[in-house]
Amino acid sequence: MGNKQEMQELIAKRAAKELTGPCVVNLGIGIPTLVAKFIEDDHVYLHTENGLLGVIDVEEDDIDPNLVNAGKLPVGEAVGAAYFNSAESFAMIRGKHVDAAILGVLQVDQTGSIANWAVPGKNIMGVGGAMDLLVGAKKVIVTTTHTSKDGKSKILKECTYPITSTRSVDMIITELAVFEVVDKTLKLVERMPGVTIEEVREKTEADFTE
Amino acid sequence: MGNKQEMQELIAKRAAKELTGPCVVNLGIGIPTLVAKFIEDDHVYLHTENGLLGVIDVEEDDIDPNLVNAGKLPVGEAVGAAYFNSAESFAMIRGKHVDAAILGVLQVDQTGSIANWAVPGKNIMGVGGAMDLLVGAKKVIVTTTHTSKDGKSKILKECTYPITSTRSVDMIITELAVFEVVDKTLKLVERMPGVTIEEVREKTEADFTE
Amino acid sequence: MTKMKKNIEDALSCVEDHHIVMVGGFGLIGAPLTLIDGLTKKDVKGLTIISNNLGEAGKGLGILLTQNKIKKAVGSYFTSNREVGDYYQRGEIELQLLPQGTLAESIRAGGAGLGGYYTTTGVGTQLAEGKEEREINGIKYIFEPAIRANVAIIRAWKADTLGNLVYYKTARNFNPLMATAADVVIAEVDEMVEPGELDAESIVTPHLYVDYIVQAKQILTKEGVVTNGQ
Amino acid sequence: MTKMKKNIEDALSCVEDHHIVMVGGFGLIGAPLTLIDGLTKKDVKGLTIISNNLGEAGKGLGILLTQNKIKKAVGSYFTSNREVGDYYQRGEIELQLLPQGTLAESIRAGGAGLGGYYTTTGVGTQLAEGKEEREINGIKYIFEPAIRANVAIIRAWKADTLGNLVYYKTARNFNPLMATAADVVIAEVDEMVEPGELDAESIVTPHLYVDYIVQAKQILTKEGVVTNGQ
């Protein structure tokens with residue numbers, strides 16, 4: 001696998017393929033944010049939980065400091081966009097009006113549970129919209145590097161960090177493979193080009209079917 | 001006492017004196033609606049629970065069928081008015097953002113409890129915003145004729161109809177007198193011009209202090 | 001892509017027997033009169049209607065009542081249609097009466113993914129009978145469950161083709177709430193515009209809530225309900 | 001009549017020791033920077049701050065933190081200010097972490113006169129510990145109480161002299177909610193207009209929610225926070 005950016009773009013590009021419109025999608029911070037630039041369907045509408053439906057990229061010259069996404073990064077306003085307050089925004093999420101969320105994780109396990117908001121032993125300081133998106137988005141897609149910096153699998157038998165929700169995610173996309181979560185078990189549905197089944201097995205702690 | 005209209009206007013006029021701005025007031029159906037035309041303070045803003053803050057009278061020629069008050073009567077839009085949905089409107093009421101409500105009643109009793117939404121033995125078919133206004137308005141003023149058509153006191157020892165709320169109203173204004181409700185007891189604070197204390201006593205079933 | 005449906009019958013094909021249907025409006029004001037008319041022409045029965053009123057006698061939802069299509073009604077003020085009482089007396093309709101603010105809030109809760117909430121409204125009254133009472137910080141509340149529907153029919157003023165909506169004056173009322181709380185949401189509108197023509201800061205119902213849009217043909221005027229050309 | 005206050009100190013005179021203060025904004029975006037600056041200059045202690053973040057290190061509410069004026073913070077994402085962790089480690093601040101949607105909804109509930117509500121968010125997680133769990137129609141929810149404050153300081157874009165407010169793009173966020181949920185509400189705004197200049201259909205915060213208005217002097221720009229005039 002090439003450098004970090006290439007790896008992230010590979011994952012983001014694959015995730016973008018899951019998005020066929022018309023649909024409303026919320027993108028998390030990190031790799032999920034990269035997904036935006038690979039979306040080909042004009043009828044994918046991006047929702048950001050700080051209060052905008054209709055997020056698009058913004059050119060450097062057009063940056064408005066009061067127009068940002070949930071990662072506080074500058075964004076643009078699509079034609080047909082709408083603004084709303086935080087309660088309305090999360091009403092959309094919890095009320096299952098958002099079709100898909102693409103999220104990063106610290107860990108994901110073989111039941112599809114994820115941990116992406118707290119690390120044991122560190123101060124528990126931030127949760128943001130993670131838990132709301134997990135209970136509310138109709139489909140949750142995890143995008144993550146397959147292993148952590150020290151080479152350990154991020155796809156575990158069981159999350160050791162505090163979970164974000166009792167709800168299982170629907171799909172896990174890494175630089176090596178794509179898993180679907182069916183009845184709280186992982187199913188390997190795709191390997192990235194050039195990746196062998198052995199490599200996936202070696203780097204995945206979780207049990208999965210093929 | 002003169003004809004019905006004069007009597008109603010007398011009551012409405014007296015109620016209007018209670019309104020000194022800046023304040024936000026919700027007017028019920030019947031005599032309360034008449035109060036509007038006697039308000040002298042420009043900083044009394046009228047709220048209607050179907051979704052408008054800034055109700056004013058409308059001329060016949062300017063009637064808009066989609067601009068009405070809670071009684072479904074045509075109204076106008078004041079300068080500086082705002083529209084909102086029904087949940088927001090009742091959030092304002094329940095959340096104690098409305099300073100006063102002026103309401104009609106079927107009965108009011110000596111503890112200040114009122115009954116204004118249902119009659120025993122008849123189908124219970126409508127409540128509208130009555131219960132919300134009772135729990136939410138900071139001050140509730142009752143405007144009513146002192147007696148019913150058959151001459152019976154509407155100010156009773158105890159309501160016999162289903163009550164609208166366990167909350168006591170703050171003031172009762174009739175064509176004969178004005179009562180304040182203090183610690184769940186009635187206090188006669190004013191008699192209308194030409195009305196004797198004997199007449200008030202005779203036509204009031206409730207106990208009251210002077 | 002457009003959410004516009006040319007045919008009312010087609011748009012209403014999602015309404016099935018025994019469905020729960022939310023209907024916007026405060027009386028006839030802001031009611032989806034064209035879609036209601038469509039329901040009067042549709043062979044459907046056993047509906048539960050959630051709406052502030054059941055129209056007026058022989059008008060709006062009042063017609064559905066006399067067609068015996070309504071099994072149950074949930075609302076705050078049925079008094080505006082005197083025929084509702086007759087049907088109720090004869091046991092031909094079930095009624096659930098809620099304070100108007102509770103009706104609105106329960107619909108909002110349904111759309112916002114909440115299970116229910118505690119309100120002060122109605123505490124200690126007949127309408128609180130059978131409802132859980134709970135004291136929170138020394139204040140008494142009753143529990144009210146969230147409300148949802150299979151289908152919501154609503155009325156807006158303008159829509160863009162994406163489905164963003166704005167409303168007209170006090171015709172807004174329950175419409176934006178119901179737009180959030182049903183599996184399928186159909187809006188009838190006076191005017192269709194292109195995306196971008198509605199101000200992004202002023203859109204009341206963002207398009208993710210809306211499934212179909214139809215052109216309003218029945219209009220409330222000073223003279224009553226008027227039907228506009230096909 | 002106008003709700004405009006010329007003097008920030010004067011407007012903030014309602015903030016007392018040990019008060020609960022809501023502060024609008026998502027990080028610095030939509031935060032009432034001028035009023036926060038006013039609080040940094042005010043002799044006040046033991047505040048409970050309800051805000052999504054505690055600003056950034058040395059910016060916005062981050063300054064109040066280092067002035068030891070904050071006893072407790074209620075929010076969803078303190079991670080944006082690394083200094084919060086240090087204060088927490090030393091036991092110098094109490095933190096209550098809520099999911100962002102729960103924070104927003106609880107404030108709305110506080111403003112709407114509700115006692116609390118049941119949400120699916122957080123069920124079965126560490127953040128649900130100690131919270132009542134309840135099954136409604138087969139779905140598990142947890143109870144979340146409404147939140148209110150003594151004072152809310154918020155930021156809007158334009159106000160009319162009556163106190164009607166509109167917001168600017170994603171600077172809206174928590175501001176309209178907090179405007180409903182405090183005993184005293186102070187809004188700082190970029191622009192004052194006369195009543196009638198804001199479209200009645202597009203007003204986000206009707207004037208009954210707002211007590212005082214002040215002119216914003218601290219503005220968020222691409223280059224950071226800039227102080228205007230004076």
Side-chain angles (χ1 to χ4, degrees), chain A residues 29 48-52 55 60-77 81-96 113-115 117-118 120 122-136 159 161-167, chain D residues 24 26-30 52-53 56 75-82 84-86 88-89 95 97-109 111 119-128 140 155 157 167-177 204-205 219-225:
Chain A
I29 298 172
T48 184
E49 62 262 38
N50 52 317
L52 170 61
V55 175
E60 180 67 27
D61 285 350
D62 297 329
I63 285 177
D64 180 334
N66 284 304
L67 179 46
V68 301
N69 66 16
K72 303 195 183 92
L73 298 172
V75 295
E77 174 191 312
Y83 294 96
F84 31 82
N85 72 41
S86 300
E88 292 175 89
S89 187
F90 283 93
M92 291 174 188
I93 293 171
R94 263 190 330 257
K96 301 194 192 297
S113 278
I114 70 163
W117 69 284
K122 292 200 182 175
N123 298 327
I124 291 186
M125 303 279 297
V127 61
M131 290 188 178
D132 301 283
L133 285 162
L134 258 289
V135 300
C159 289
Y161 294 177
I163 58 167
T164 306
S165 171
T166 55
R167 176 248 179 101
Chain D
F26 180 74
L28 300 180
I29 296 101
N52 191 57
N53 317 80
E56 298 178 10
S76 94
Y77 203 74
F78 300 118
T79 325
S80 55
N81 182 352
R82 61 177 189 280
V84 178
D86 304 336
Y88 183 65
Q89 280 296 348
L95 297 180
L97 191 67
L98 293 172
Q100 197 174 329
T102 299
L103 177 64
E105 188 67 22
S106 294
I107 295 166
R108 181 194 173 278
T119 179
T120 47
T121 300
V123 169
T125 71
Q126 263 190 27
L127 292 189
K140 282 183 186 167
R155 188 187 192 102
W157 180 30
Y167 301 87
Y168 182 81
K169 299 189 187 279
T170 54
R172 188 183 304 199
N173 55 65
F174 287 88
N175 287 300
L177 305 169
V204 176
T205 297
I219 315 288
L220 184 64
T221 69
K222 270 196 209 184
E223 288 72 36
V225 179

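A note on names: the letters A, B, ... follow the listed sequences, proteins ahead of strands, and every chain is numbered from 1.
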Any idea which of [options] has the most non-hydrogen atom pairs under 4.5 angstrom with chain A?
options                           : value
Y77(D), Y88(D), F174(D), F26(D)   : F26(D)
T102(D), T119(D), I29(D), N175(D) : I29(D)
N53(D), L98(D), V204(D), L95(D)   : N53(D)

Which atom names give the shortest non-hydrogen contact between [X] and [Y], and what distance separates them?
X       : Y       : answer
S80(D)  : K72(A)  : CB-NZ, 4.0 Å
T170(D) : N66(A)  : OG1-O, 2.7 Å
L97(D)  : V127(A) : CG-CG1, 4.0 Å
R94(A)  : G101(D) : NH1-O, 3.5 Å
K222(D) : P65(A)  : N-CG, 3.8 Å
G122(D) : M131(A) : CA-SD, 3.8 Å

Open item on the list: Does either side chain, that of D132(A) or that of Q100(D), offer a donor lying less than 3.5 Å from an acceptor on the other one?
Closed with: no
Chain D contacts, top residue of [options] (heavy-atom pairs, under 4.5 Å):
options                         : answer
V75(A), L67(A), N69(A), N50(A)  : N50(A)
S165(A), G128(A), G51(A)        : G128(A)
A81(A), A87(A), A118(A)         : A87(A)
N85(A), I93(A), L133(A), L52(A) : N85(A)

Task: Heavy-atom contact with chain A under 4.5 Å, split by part of P176(D) - done: side chain
Task: Part of L177(D) within contact of chain A (heavy atom distance under 4.5 Å) - done: side chain
To the nearest 0.5 Å, tell me how far [X] [atom1] sits from [Y] [atom2].
X       : Y       : atom1 : atom2 : value
T221(D) : I63(A)  : OG1   : CD1   : 12.0 Å
Q126(D) : T164(A) : CD    : OG1   : 10.5 Å
N52(D)  : S86(A)  : CG    : OG    : 7.0 Å

Open item on the list: If the condition is ring pair (Phe, Tyr, Trp, His ring centres under 6.0 Å), which residues does F84(A) pass it with, not counting sequence neighbours?
Closed with: H47(A)
TODO: Let me see the working for N123(A) and F78(D) under side-chain contact (heavy atoms from CB on, under 4.5 Å), right down to the final yes or no.
DONE: CA-CA 10 Å; N123(A) 298 327; F78(D) 300 118; over 6 Å; no
TODO: Would you check, one step at a time, whether the test side-chain contact (heavy atoms from CB on, under 4.5 Å) holds for L127(D) with W117(A)?
DONE: CA-CA 11 Å; L127(D) 292 189; W117(A) 69 284; 3.6 Å; yes
